[in-house]
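The structure appears below as structure tokens.
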Amino acid sequence: MLFQNTLEFAKNLDADDALRKYRDAFHFPKVDGKQVIYFTGNSLGLQPKSSQVFVNEIMTDWKELAVEGHFHSKKPWWDYHERLAAPLSKVVGAKMNEVSVMNTLTVNLHFLMVSFYRPTDKRYKIICEEKAFPSDQYMFQSQVKFHGFEPSDAIVEIKKRDGENYWRTEDIVKKIEEIGDELALVLIGGVNYYSGQVFDMETITAAGKAAGAFVGWDLAHAAGNIELKLHDWNVDFAAWCSYKYMNSGPGNASGVFVNERHLNNKKIPRFEGWWGTKKETRFLMKPEFEPIDTADAWQISNPPVLSLAPYLASLEMFEEVGMDALIAKRNKIVAYLEFVLKSIDEEVEQSTFEIITPEDRGCQLSVFLHGQGRPIFDYLMKRGVITDWREPNVIRLAPAPFYCSYEDMYRFGQILKEGILANQ
Ligand SMILES: *Cc1c(COP(=O)(O)O)cnc(C)c1O
């Protein structure tokens, strides 16, 4: 499609947008009384209006039923999490028995590493990407040390080539083959948080499995953003947070995926608690742990129902819309944003920025601003464009397809241009 950087053209794209009604289903913050242009759905998704209703329902049941709410509220609390499994499994391309919701993301990755990182003297290395999200780096270091190994020896970071902004699949595969039978685990962010690069999870997973390692993915920036086929790709495990593209609210619960082939496998150990044991016999309070035969076996505590309520509200929207429709709009709106950025770059005299996100991308464009980065970022904020800043000079723009409009992209371009001209 040939785009134009005009208000009229953007409005026409909005008029044709199959998802346009969902914009109204979210609360937008305001700056100077005007609804913001929100580019940080990759950091904290906007609040669906329905989530308040779901939370209020729990508050009311708690008020009126107290402990009886566990079994007798409209949506009983004791198995509330099960309501999330069906819609969530579609978002990540899993079977229903392979997903569960519990804890928070880094906590879940640690628990999953209890199961899937069990180093031996010979096979103890972890492959991850260079400059992984800091929480993941701390997790790797602490896990490796916990097992008595040296991070500098046990953690192998895949680097980008000199002068390139992205990781090449072939370099990752080559490193996996090189480490070979010393490799215990491959664990990478499926979509890089900084550049927005989408990794070839299928190829990398296959390479890791061929080397005899376990392969897991941190899907913080992938879940609800890109097409995932965790089951078909033969991934061992994965986890993601729900507050980014999945709009569930700040710090909210994380989802996990455990491949069907590991369920009921007694050779896979885990840390256990009472919510992982079979429901039928849980309240007999017996000493024997009888694992649920789904990923719920990894649950430890009873579910944080007040957190799961807005997550469920959001998942009902994903269920209604479907990932295919979200991805179709995402592709188009990101392409339009890219077009607007390039048009603005041509209109201002000096080239001021560069998109560092590679072709393999989801919703996010990361833009490297030359020179005047910080003042431009501040100018955008002041004008009601919410982006985020990453050192040394990058703003990240994620036009979430659920609620961003093409008109937002056009208006952003005009504000950016004014900001660049004001700072030249
Ligand atoms: C956002 C993000 C996290 C956040 O972890 P929490 O445990 O939810 O605080 C972890 N990893 C990556 C790659 C992220 O992008």
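Along the sequence shown, residues carry numbers from 1. Start at 1 and go down the list; that is how both ligands and their atoms are numbered.
Polar contact with ligand 1: present for His221 (N/O pair, distance under 3.5 Å). Ligand 1 has a nitrogen or oxygen under 3.5 angstrom from a nitrogen or oxygen of Asp218.
In Asp136, the part holding a heavy atom less than 4.0 Å from any atom of ligand 1 is the side chain.
Ranking protein heavy atoms by distance to atom 3 (C) of ligand 1, first place goes to Phe133 CE2, 3.4 Å.
Taking every non-hydrogen atom of Ala220 and a distance limit under 4.0 Å, the qualifying atoms of ligand 1 come out as 2 (C), 12 (C), 13 (C), 14 (C), 15 (O). Close contacts of ligand 1 with Thr106, meaning ligand atoms under 4.0 Å from a residue heavy atom, involve 5 (O), 6 (P), 7 (O). If you number the atoms of ligand 1 from 1 as listed, the ones under 4.0 Å from a heavy atom of Lys244 come out as 1 (C), 2 (C), 3 (C), 14 (C), 15 (O). Of all the atoms in ligand 1, the ones that sit under 4.0 Å from a non-hydrogen atom of Tyr243 are 1 (C), 4 (C), 5 (O), 6 (P), 8 (O), 9 (O).
Note: Phe133 and Tyr193 have perpendicular aromatic rings, judged against thresholds of 30 and 60 degrees for the angle between ring planes. In this structure, Phe26 and Phe402 have tilted ring planes: the angle between them lies in the 30° to 60° band. Under the 30°/60° scheme for interplanar angles, the aromatic rings of Phe149 and Tyr124 are found to lie parallel.
Distance check, rounded to the nearest 0.5 Å: OG of Ser89 to CG of Leu228 gives 12.0 Å.
The side-chain hydrogen bond (donor to acceptor under 3.5 Å, both in side chains) with Glu98 is formed by just one residue from the set His231, His262, Arg261; it is His231.
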>> Evaluate Phe412 against Phe39 for ring pair (Phe, Tyr, Trp, His ring centres under 6.0 Å), listing each step before the verdict.
In response: CA-CA 10 Å; Phe412 158 69; Phe39 279 117; 4.9 Å; yes

